[in-house]
Every structure is written in C-alpha cells, then in structure tokens.
*Asks:* 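The structure follows.
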Amino acid sequence: MTKRALITGITGQDGSYLAEFLLDQGYEIFGMVRRSSTVTFERIAHLQDRISTVFADLLDQASLIELLREYRPDEVYNLAAQSFVPTSFSQPVLTGEVTGLGVTRLLDAVRLVDPTIRIYQASSSEMFGKVVEVPQTERTPFYPRSPYGVAKLYGHWITINYRESYNLHATSGILFNHESPRRGLEFVTRKISHGVARIKLGRDSELRLGNLEAQRDWGFAGDYVKAMWLMLQQDQPDDYVVATGETHSVREFCEIAFDHVGLDWERHVVVDDKFFRPAEVDLLIGDPTHAKQALGWTAETSFDELVRMMVDADLDLLQGRLSGLS
Ligand code: NAP
Ligand code: F7E
C-alpha cells in the first residue's frame, strides 16, 4: 500500500527537501499551502507534477479538519510556522497564533478525524534560548528568548500533552539550525552566502550584519528531513534532538564564505545595530546521541561543505546557471 503524507509548510525550505525525500520512499504527497495573491511555490516548482497541493491554513481549524477528512494521510509533518525570529518580536501575537496555537489546531484535527494518524511537530533549538546546559539534550530545561521560542515551546508541550492524553503517535523533533541553498534570504547563513556572491560578482561592496559572535549548531537541511521521517517510523512516539554536535560563530561562517571566493571578509562586513535582537540566543550546540542510537541518524554534511555549497549555489543563481534549488 502506498503511504500518504501531508506536509504543512511544503513551500518552505524543509518542506521541499522532505517532499523530495518522501517521494523517493514511494509516498503519495499532499502539500498544504495557504491562499496567497501571489504564488509562493518556487521551492517546489520542480515537484509540481509529482505532488498534490491542497489548501488550508494553520489559523483555521475547520480547514484542517476538512483536509484530513478528505485526504486521510498516514503521516502528517507539521513544518508550517512563522519561523523568522526577528518577525516574532514585531508580530508576537501572529507568531503565537501560527507557531504555537496552530499546533493545537492540527493535533486536535488529528484527534477528531483519525487518532491513528502519526504526526511530526517541528520543534526548535530556539526553545533552549539562554541555555542552562551545554550541550543541549532532550532533557535540558528550556529558556526561550524570543516570542518565536516561546511559541515553539508551547507547540512542543502540547504535542507531548496530546501524546499522553489521547495516545497519539505525536513526535517532536528538536531540530537545531539547518540551512541550504533554499534557505530564506533573511536568515543569516543565506544572507551571507548571497551577499558574498553579489560582492564577488561586483554587484555590491558591503554586507551589513548584526551580532557576529552568536554561535549556532548548523547542519544541512537535506540531511535533517531524513531524521523527521525516521521518527515517524518508530513504534513509539518520542522527542529527539537533531544536531551536528558542533558549534560555529557567525564570524566563522563569514570567514569561510568570503575565503571560498578569494575575498577578505573584514573588508566587506559592516556591523549594523539594526540587525541586533531585543534578546539574543548566544550559543547553541546539540547532543544528537539519542537520534543516533534510536534512529541510526547522523549529520552527513560538514560545516565547511555547507558554507561552500551555499556560496556556490548563490553564484550559480546570480549568474543564471540554475534556479538555486540544488
Ligand atoms: P520556512 O522556510 O520559514 O517555511 C515555513 C512554512 O510555513 C512556509 O511554507 C509557509 O508558507 C508556512 N506557513 C506560514 N504560516 C502559515 C499558516 N498560517 N498556515 C499554513 N502554512 C503557513 O521554515 P523552514 O526553515 O522550512 O522550517 C520548517 C519548520 O521547522 C518551521 O516550523 C520552523 O519553525 C522549524 N524549524 C526550523 C529550523 C531551521 O533551522 N530551518 C530549525 C528548527 C525548527 P508560505 O510559503 O505561504 O509563507
Ligand atoms: O540567526 C545572528 C542572529 O536568523 C542566527 C530559524 O530557522 O533557527 C533559525 O533561527 C544568528 C542569530 O536564525 C544577522 O542574531 C547576525 O544569533 O539565521 P538566523 P535563528 O534566529 O537561529 C532556529 C533553530 C529556528 O527554529 C528558526 O525558525 O545570527 N545574526 N547578523 C543575524 N541574523 C540574521 N537573520 N540577520 C543578520 O543580519
């Protein structure tokens, strides 16, 4: 029997990689999209004839119930969110509605329509925020530092609550930062890779950034979607940290990215107060031991490979060699 998966957030970075991965596993894919006056399918344009796009919104409970009733997926991957941390400071209520309460709407739809549907919740290392332990594991206490982190923490706990209250196969993947050539241009890694490519091609001379000292555990999104799938293949639902186990600063990312094209980052990067946050997450580093032992999952792409892949893809994109979807 062909398995059916519903992916919310399919138009985002992870949605596109997960759809590719599940198609390779033989799944029938339903990608949930929200109504927009412009088409936002750039990342999944190459998959359009292999997946079905279906309309609903995490803000609308009835739309989620109808969706599950009509398409009856075996697995639901909840990737949809307002995911940009600075926007969560300027739009905290919207972020809470989508990134927090949206999870409850979806879990409740699963509970009402078919409680045997397995569900994956995209939790985040942002929940660790001002970290109380290094490295962070599934048992590290949380201390979120942004409305986004707070909303994700609500989503995390409501997932556990529905698992324990209604016996749902509801799993939470606590994923650390993962990047790719498909990352949104506002996130720091893609902002740097795209900025480096523009400077290399003579279209810009400087790149304005915020806190260069922030450290993140950065992996490749293409590796991380496999962990999501593995989680839903387990007999029992659980929580998993998914990370590389290494941390690097924004400064290091700049050094490698500029060096890759023969430029000195210090001649081009300008620190701009505009990009600092009201509260910062200084250091994240995950311990993926549980994912390795229970799922057999490890990150396959090194930090250097990731940085170079992103810069090369942006050079290609700007020179019209490909769509940036490699
Ligand atoms: P992304 O690129 O920002 O994609 C977010 C997706 O959510 C988009 O498809 C967006 O649709 C959709 N969405 C937003 N509001 C919605 C709503 N009200 N109803 C339905 N869909 C809505 O995020 P990502 O990087 O792929 O991350 C995927 C998930 O993992 C997110 O939940 C994120 O918070 C979480 N996460 C990400 C990371 C990371 O490092 N990437 C780490 C940990 C957790 P539009 O295209 O219409 O805007
Ligand atoms: O910032 C610093 C910034 O916006 C990383 C989301 O996917 O990962 C992501 O959240 C760091 C921060 O990602 C700029 O202050 C410096 O310390 O790329 P980011 P994030 O906030 O870590 C988590 C795991 C998620 O779940 C989120 O959805 O870089 N930084 N200068 C900058 N950041 C940005 N965006 N722009 C700058 O100019």
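Side chains included, hydrogens not; waters and symmetry mates left out as well; all remaining heavy atoms used. In listed order, ligands and their atoms are each counted from 1.
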*Asks:* Residues two or more places apart in sequence or in another chain: which of them pass side chain to side chain contact (heavy atoms under 4.5 Å, CB included) with Arg308?
*Replies:* His260, Asp304, Glu305
*Asks:* Can you tell which part of Ser123 has a heavy atom less than 4.0 Å from ligand 1: side chain, backbone, both or neither?
*Replies:* backbone
*Asks:* With respect to Asn78, determine whether any N or O atom, backbone or side chain, lies less than 3.5 Å from an N or O atom of ligand 1.
*Replies:* no
*Asks:* What residue and heavy atom of the protein are closest to atom 20 (C) of ligand 1, and at what distance?
*Replies:* Met32 CE, 3.6 Å
*Asks:* Do we get Lys191 above Phe275's six-membered ring, with its NZ or CZ under 6.0 Å from the centre and within 45° of the axis?
*Replies:* yes
*Asks:* Are there any N/O pairs under 3.5 Å between ligand 2 and the protein, and if so, what are their distances?
*Replies:*
{"from": "ligand 2", "atom 1": "1 (O)", "to": "Arg277", "atom 2": "NH2", "distance (Å)": "3.3"}
{"from": "ligand 2", "atom 1": "4 (O)", "to": "Arg277", "atom 2": "NH2", "distance (Å)": "2.8"}
{"from": "ligand 2", "atom 1": "7 (O)", "to": "Arg183", "atom 2": "NH1", "distance (Å)": "3.1"}
{"from": "ligand 2", "atom 1": "7 (O)", "to": "Arg183", "atom 2": "NH2", "distance (Å)": "2.9"}
{"from": "ligand 2", "atom 1": "8 (O)", "to": "Asn177", "atom 2": "ND2", "distance (Å)": "3.0"}
{"from": "ligand 2", "atom 1": "15 (O)", "to": "Glu280", "atom 2": "OE2", "distance (Å)": "2.6"}
{"from": "ligand 2", "atom 1": "17 (O)", "to": "Arg216", "atom 2": "NH2", "distance (Å)": "2.9"}
{"from": "ligand 2", "atom 1": "17 (O)", "to": "Glu280", "atom 2": "OE1", "distance (Å)": "3.0"}
{"from": "ligand 2", "atom 1": "17 (O)", "to": "Glu280", "atom 2": "OE2", "distance (Å)": "2.9"}
{"from": "ligand 2", "atom 1": "18 (O)", "to": "Val188", "atom 2": "N", "distance (Å)": "2.8"}
{"from": "ligand 2", "atom 1": "21 (O)", "to": "Arg277", "atom 2": "NH1", "distance (Å)": "2.6"}
{"from": "ligand 2", "atom 1": "22 (O)", "to": "Asn177", "atom 2": "ND2", "distance (Å)": "2.9"}
{"from": "ligand 2", "atom 1": "22 (O)", "to": "Arg216", "atom 2": "NE", "distance (Å)": "2.8"}
{"from": "ligand 2", "atom 1": "26 (O)", "to": "Ser124", "atom 2": "OG", "distance (Å)": "2.6"}
{"from": "ligand 2", "atom 1": "26 (O)", "to": "Tyr148", "atom 2": "OH", "distance (Å)": "2.7"}
{"from": "ligand 2", "atom 1": "28 (O)", "to": "Ser83", "atom 2": "O", "distance (Å)": "2.7"}
{"from": "ligand 2", "atom 1": "28 (O)", "to": "Tyr148", "atom 2": "OH", "distance (Å)": "2.8"}
{"from": "ligand 2", "atom 1": "31 (N)", "to": "Gly210", "atom 2": "N", "distance (Å)": "2.8"}
{"from": "ligand 2", "atom 1": "33 (N)", "to": "Arg277", "atom 2": "NH2", "distance (Å)": "3.4"}
{"from": "ligand 2", "atom 1": "35 (N)", "to": "Glu186", "atom 2": "O", "distance (Å)": "3.0"}
{"from": "ligand 2", "atom 1": "35 (N)", "to": "Arg277", "atom 2": "NH2", "distance (Å)": "3.4"}
{"from": "ligand 2", "atom 1": "38 (O)", "to": "Lys191", "atom 2": "NZ", "distance (Å)": "2.7"}

*Asks:* Does the residue Lys152 have a heavy-atom contact with ligand 1, meaning some pair of atoms that are separated by less than 4.0 Å?
*Replies:* yes
*Asks:* Which pairs with one or both residues in residues 271-285 pass side chain to side chain donor-acceptor pair (under 3.5 Å), sequence neighbours excluded?
*Replies:* Arg208-Asp272, Asn211-Glu280
*Asks:* Please tell me whether Thr140 and Glu133 have a donor and an acceptor in their side chains that are separated by less than 3.5 angstrom.
*Replies:* yes
*Asks:* Tell me, please: is Tyr148 in heavy-atom contact with ligand 1, that is, under 4.0 Å?
*Replies:* yes
*Asks:* If you look only at pairs with a residue in residues 99-110, which of them pass as a side chain to side chain donor-acceptor pair (under 3.5 Å), with sequence neighbours excluded?
*Replies:* Glu97-Arg105, Thr104-Tyr154, Asp108-Arg111, Asp108-Tyr162
*Asks:* Could you give me the CA-CA distance, side-chain angles and deciding distance for Asp217 and Asn177, then say whether side chain to side chain contact (heavy atoms under 4.5 Å, CB included) is met?
*Replies:* CA-CA 6 Å; Asp217 182 330; Asn177 296 55; over 6 Å; no
*Asks:* Is NZ or CZ of Arg182 both nearer than 6.0 Å to the six-membered ring centre of Tyr17 and within 45° of the ring axis?
*Replies:* yes
*Asks:* I need the contact type for Arg183 against ligand 1. Using non-hydrogen atoms and a strict under-4.0 Å cut-off, is it side chain, backbone, both or neither?
*Replies:* side chain
*Asks:* May I ask you to check if Arg183 and Phe187 form a cation-pi contact, with NZ or CZ under 6.0 angstrom from the six-membered ring centre and within 45° of the axis?
*Replies:* yes
*Asks:* Mark the output for Val98 as yes if a heavy-atom distance to ligand 1 is under 4.0 Å, and as no if none is.
*Replies:* yes
